[in-house]
Amino acid sequence: MSKTISSENGGKTAKMSDSATVESNQLQRYNPTEIEPKWQARWDADASLYAAEGHNSGKPKYYCLEMLPYPSGQLHMGHVRNYAIGDALARHMWMRGYNVLHPMGWDAFGLPAENAALKNNTPPREWTLANIAAMRKQMRRMGLSYDWSTEVTTCLPDYYRWNQWFFVKMFEAGLAYRKKSKVNWCPDCQTVLANEQVVAGRCWRHEDTIVEQRDLTQWFLRITKYSDELLDGLDKLDGWPEKVRTMQRNWIGRSEGALVDFAVDGEVKAPGCAKITVFTTRVDTIFGATSVQLAPEHAVAKAFAAEDAGLAAKIDGLLAEQRRAREAGDVGAIEKHGVDTGRLAVNPFNGERVPIWVGNYILADYGTGAIMSVPAHDERDFEFAQKYGLEVRRVIAPKAGGEEPVLPYTAEGDAVLVGSAEWTGLGCVDAQQKMAAFAQAKGFGTATVTYRLKDWGVSRQRYWGTPIPMVYCQNGHAGLEPGGVVALPESALPVLLPAQVEITQQGGSPLGRVADFVNTTCPVCSGPARRETDTMDTFVDSSWYFYRYTDASNANAPFDSEKVNYWFPIDQYIGGVEHAILHLIYSRFWTKVMRDLGLVKNDEPAARLFTQGMVIKDGAKMSKSKGNVVSPDDMIARYGADATRMYALFAAPPDRDLEWQEEGVAGISRFLSKVYRLVTKYADVASDGKQVESATGLALLRKLHQTIAKITQDFDGRWHFNTSISAIMILVNEIMANEAAMDAGEVEPQAIAAVVSGLTLLLAPFVPFAAAELWERMGYEGAVFRAAWPVADEALARENEVEIPVQANGKLVTVVKVAAGSDDDAVKAAALADEKVKARIEGKTVVKVIVVPGKLVNLVVK
RNA sequence: GCCCGGAUGGUGAAAUCGGCAGACACAGCGGACUUAAAAUCCGCAGACCCUAACCGGUCGUGGGGGUUCAAGUCCCCCUCCGGGCACCA
């Protein structure tokens, strides 16, 4: 990186003595609204500027990714913060010599486009593409270093055709399947929702809308095949926040236990209802089981109900209570009710007959929908037994013996079995394994694992999404019954989303009303067929988009595996914590599927994940209803993109919530004005290569190299860019404090040039426009963020004198100056020689002197 | 109930390994420059006590205990705030 000196300045000297220069600099006031659009135009005109080198590049790669936005049409401050973090990182890594991939795209399918269509009578595609154009423009105005040649837009066929391709692959691998089941239905969205999209019984997009349960035949992706791998993989994701890992662990909800069959005493007419299989994590307590409890929807409960109208009515009542609680989002607070069916079940361990109840607190969709009730050792069972007068029988005791435990006694760590036949005396955990093995040997049970995680329901009864590439062959053909499912071959893809579709609020997929779309032919027998009219959950789109960035225009495959294998895993993924479960678990799943299809080699999509805090205003999340929204456009118009971005990094560490205060942006703008004035003032000072010897020159270099070390460390470590920026402010303050000496010719040009260019390089990741302008003014060629990141010189950074605080009994007495690197005895001597210290220890005994090298002295006095 | 965060001046925050609490800013106050204002520059600034002023002292990182020469930082207990999970058997 050589400095080019223009001819008119060719004869300049190191001194900035003439007032003409100062005057001309007064004209060079920091004016972001002028320089930022100028640089933006230059950057926009050069597509190669931010482009990554190919996968054959000899450089080490760095994949820096921010979560792609939904194209609402407007960037909000949360985006600004997210992208300011990612952009600083990407630019820094370029300067560190990495081959950086820094892409951006659009999560462009979804319901808002249909709502807008209804409201404005605009087709969803037009509305979405216009929004994308508007937001891309905003991003360019912000100076974000995206490689637009890899842009991915999920609503375009060249992307979503690969959703369809993957779907067929999954269908062929048995990972996509259709089943009729209870599904979550949002009456506002007029569509089914995945379990992950239901929050406390409400729709994730409509906080006030209670999600209904409906019986529908839907497509599911078999994410549960990977339950264990998704769970175990979390342990290895040490670059992910613990919070996210914990949330995913909770969501997967792995629970080890046993299945045990209780035979139903007496005759049961309904098939498959002769026994009740219960799930328990505490099979060691089975001698204390005093009833069996069924969910109201359990098959055996239904069988009993079919034989007894009175019982049926009571069970219906329990079911209604359960539904009401679920819809209120308050399943945990339901008041326990139950009804005795009058029938008995046989405990296979001791042959005992216990009553069979139906309970409103038993969930049909967890475990087997049936439990054994052990009141002495389970809080819920205890509460229920108290209410209905069921027997409470204690079969677990504390290991140490001693006092009678208070019931319910739920400990299992240091507890042993009592009153449990040959199992008596065994430790609980030991007994759990042995009793499950025994049940298996005898054929009435088995050890098992259950999960909270359910398969991912991906069918949506909406228009604006990826058509599911399946047809139903009306007449059937060899090996397929009439109406059977046929996957479309690759040659029939993409199934294009028809353009002219009437969007209405009626139920059912809008595509179902498009005859041209629905009616087709079977790809196997060419007979009449009907297309699937549901579309895919938009979370399918975002589950693999970051792979497409590596090969965005590939028309023959979702991507070239060689490219993906070079770029993956993502080195740093940055986004909001709100995606901790939905997007981040789906995309982990998708990666594992692609790996098993032989498309990628990595097990996980992202090595490191960073979740930035929210941007708040007046203590609350910005929202239109609260009227506390700050528009990025306004901020940029007033203070420039650089100041807006730098403030977003300065006001708080990136992982914490950030309170937006406009005065703070103004402060950053003032700081940039100072920088601009200083750097332009000394821009023409050329290094003459002479050794720096002046005290001021050395002090400036010292501060510069300390700042380089500090900021490099921040990028490598904690990302506390608020402190990086404060370090740059300290450097600028130091330069300003020495301005008079610099102007008086007391500082070597070498030092001035080094400090001013170093400062500009350090600023480049945070304020790209200003840094680019200043870099050019200094006469350097090439982009500043492709210049080499400065390396801290330890020798130059080292202080030659250090201040050592001296304490007496831990309280500060004074601060003494000693030469850096002084040994402990010298530091101790200096401390004891100090007048204030002498006065403090006068007449007292110094019991002990603690010297912490380079840090402090503490005198223990009595 | 369980699991993750968090609580430091008027405000945002800093203190990365147990070593000067409050760096750097914002808001504020005082001064210089100016006819004046803006802009800019310089200075003050945790609370309380003492003092005419200096000097000096005490307290202080949500609360209470503890470990240590030394605690915002480590240990125990508690409060409050944010987030996640939850009759999951």
Side-chain angles (χ1 to χ4, degrees), chain A residues 26 29 199-200 241-251 253-255 257 278-282 285 293 295 322 325 330-336 359-363 365-374 377-381 383-384 450-452 577-578 580-581 613-614 616 647 650-653 655-668 670-671 673-674 677 710 713-714 717-718 720 722-730 732-733 736-737 739 803-815 847-861:
Chain A
Q26 282 173 346
R29 290 195 44 181
V199 181
E242 189 53 46
K243 179 185 173 130
V244 172
R245 294 199 277 170
T246 304
M247 283 165 71
Q248 292 207 358
R249 276 189 199 104
N250 287 342
W251 186 260
R254 181 187 155 100
S255 182
V278 303
F279 173 69
T280 177
T281 55
R282 292 297 305 273
T285 66
Q293 301 277 334
Q322 198 172 61
D330 207 8
V331 186
I334 192 171
E335 196 188 332
K336 287 185 183 58
N360 65 354
Y361 66 104
I362 306 298
L363 305 173
D365 55 3
Y366 183 78
T368 58
I371 64 157
M372 63 178 198
S373 178
V374 185
H377 305 295
D378 182 281
E379 294 192 13
R380 298 153 300 185
D381 295 346
E383 186 192 335
F384 191 85
T450 61
Y451 299 88
R452 190 181 173 284
V577 74
E578 65 272 20
I581 292 173
M614 281 190 303
I616 57 179
Y647 175 73
F650 178 68
D655 51 346
R656 257 205 249 178
D657 286 355
L658 182 157
E659 168 78 31
W660 194 269
Q661 288 180 310
E662 190 169 337
E663 300 81 13
V665 190
I668 292 292
R670 280 198 292 274
F671 166 71
S673 299
K674 291 186 215 175
R677 183 187 65 78
K710 154 80 183 151
Q713 201 178 8
D714 282 338
R718 294 194 311 169
H720 279 200
N722 52 330
T723 66
S724 308
I725 293 166
S726 94
I728 297 177
M729 289 174 171
I730 291 168
V732 169
N733 290 345
M736 282 175 66
E739 222 177 322
E803 295 192 332
I804 303 289
V806 183
Q807 298 177 332
N809 294 337
K811 300 217 171 190
L812 184 70
V813 178
T814 189
V815 176
V847 181
K848 196 174 170 188
V849 180
I850 290 147
V851 180
V852 184
K855 280 276 168 72
L856 121 168
V857 176
N858 190 16
L859 310 170
V860 186
V861 295

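Per chain, numbering begins at 1; letters A, B, ... match sequence-line order. As the structure is a computational prediction, the values presented were derived from the model and not from experiment. Because only heavy atoms are used, hydrogens play no part in the values below, and waters and symmetry mates are left out as well, while side chains stay in.
Separating the NZ atom of A:Lys243 from the C1' atom of B:C3 is a distance of 11 Å, rounded to the nearest angstrom. Per the geometry, CD1 belonging to A:Ile804 stands 17 Å off C1' belonging to B:C69, to the nearest Å. A straight line from CD of A:Glu663 to C1' of B:C26 spans 7 Å, rounded to a whole angstrom. When the C1' atom of B:C24 is taken as reference, atom CG of A:Asp714 falls 13 Å away, rounded to whole Å. Here B:A25 presents its P atom at 7 Å from CZ of A:Phe650, a figure rounded to the nearest Å. Counting to the nearest Å, the P atom of B:U16 and the CD atom of A:Gln713 are 11 Å from each other. If you measure from atom CZ of A:Arg249 to atom P of B:C4, you get 10 Å, rounded to the nearest angstrom. What separates CD of A:Glu659 from P of B:U8 is a distance of 14 Å, to the nearest Å.
Nearest to the side chain of A:Ile581, among B:A23, B:C85, B:C87, sits B:C85. For A:Lys811, taking side-chain heavy atoms from C-beta onward, the closest of the listed nucleotides B:C59, B:C69, B:G19 is B:C59. In the set B:C87, B:A70, B:C20, B:C20 carries the atom at the smallest distance from any side-chain atom of A:Glu803. Among B:C24, B:A13, B:C20, the nucleotide with an atom closest to any side-chain atom of A:Pro805 is B:C20. The nucleotide whose nearest atom lies closest to any side-chain atom of A:Gln661 is, among B:G12, B:A89, B:A7, B:G12. Of all nucleotides listed (B:A15, B:A70, B:C87), B:A70 comes nearest to the side chain of A:Asn858. Set against B:A89, B:A13, B:C85, the side chain of A:Trp251 has B:C85 as its closest nucleotide. Nearest to the side chain of A:Val815, among B:C20, B:A89, B:C69, sits B:C20. Listed candidates were B:G19, B:A14, B:G84. Nearest to the side chain of A:Met247 is B:G84. Side-chain proximity of A:Ser255 to the nucleotides B:A14, B:A23, B:A89 is greatest for B:A89.
Regarding the sugar-base torsion, B:G30 falls in the anti class, its angle being beyond 90° of 0. Anti is the glycosidic conformation of B:C44, whose angle departs from 0 by more than 90°.
With both ends at atom P, the span from B:C20 to B:U11 equals 24 Å, rounded to whole Å. For B:C81 and B:A27, the C1' atoms lie 25 Å apart once the distance is rounded to whole Å. One C1' atom belongs to B:C41, the other to B:G57, and the distance between them is 36 Å to the nearest Å. Going from the P atom of B:U67 to that of B:C3 covers 28 Å, rounded to whole Å.
Residue whose closest nucleotide on RNA chain B sits further toward the 5' end, between A:Leu812 and A:Tyr647: A:Tyr647. Positionally, the nearest nucleotide of RNA chain B for A:Lys710 lies more toward the 5' end than for the other of A:Lys710 and A:Met736.
Under the 3.5 Å distance criterion, the side-chain polar atoms of A:Tyr647 are matched with a main-chain donor or acceptor of A:Gln661.
No hydrogens or angles were tested; on distance alone, nothing pairs the side chain of A:Asn250 with the base of B:C85 as donor and acceptor under 3.5 Å.
Contact between the side-chain N/O atoms of A:Arg670 and the OP1/OP2 oxygens of B:C26 is found at a separation under 4.0 Å. Contact annotation: A:Arg656 does not reach the phosphate of B:G83 (side-chain N/O to OP1 or OP2, under 4.0 Å). At the phosphate of B:C85, neither OP1 nor OP2 sits under 4.0 Å from any side-chain N or O atom of A:Thr246. OP1 or OP2 of B:A23 has not a single side-chain nitrogen or oxygen of A:Asn722 nearer than 4.0 Å.
Exactly one of A:Val857, A:Val860, A:Asn858 qualifies for a side chain to side chain contact (heavy atoms under 4.5 Å, CB included) with A:Val849. That residue is A:Val857.
Atom-to-atom distance recorded for A:Gln293:CD and A:Arg380:CZ is 11.5 Å, nearest 0.5 angstrom.
Residue contacts shown for A:Asn733 are limited to sugar-phosphate atoms, with no base heavy atom under 4.0 Å away. Among the heavy atoms of the strands, none lies under 4.0 Å from A:Phe384.
We find that A:Arg245 and A:Glu242 are joined by a salt bridge, their nearest charged nitrogen and carboxylate oxygen being less than 4.0 Å apart.
Between A:Phe671 and A:Phe650, the ring center distance fails the sub-6.0 Å criterion.
In this structure A:Lys243 satisfies the salt bridge (Lys or Arg N to Asp or Glu O under 4.0 Å) test with no other residue, sequence neighbours excluded.
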* Asked: According to the Watson-Crick and G-U wobble definition with distances under 3.5 Å, which dot-bracket string, read 5' to 3', encodes RNA chain B, using [ ] for crossing pairs and | for pairs with another strand?
  -> (((((((..(((......[....))).(((((.......))))).((((......))))..(((((..]....))))))))))))....

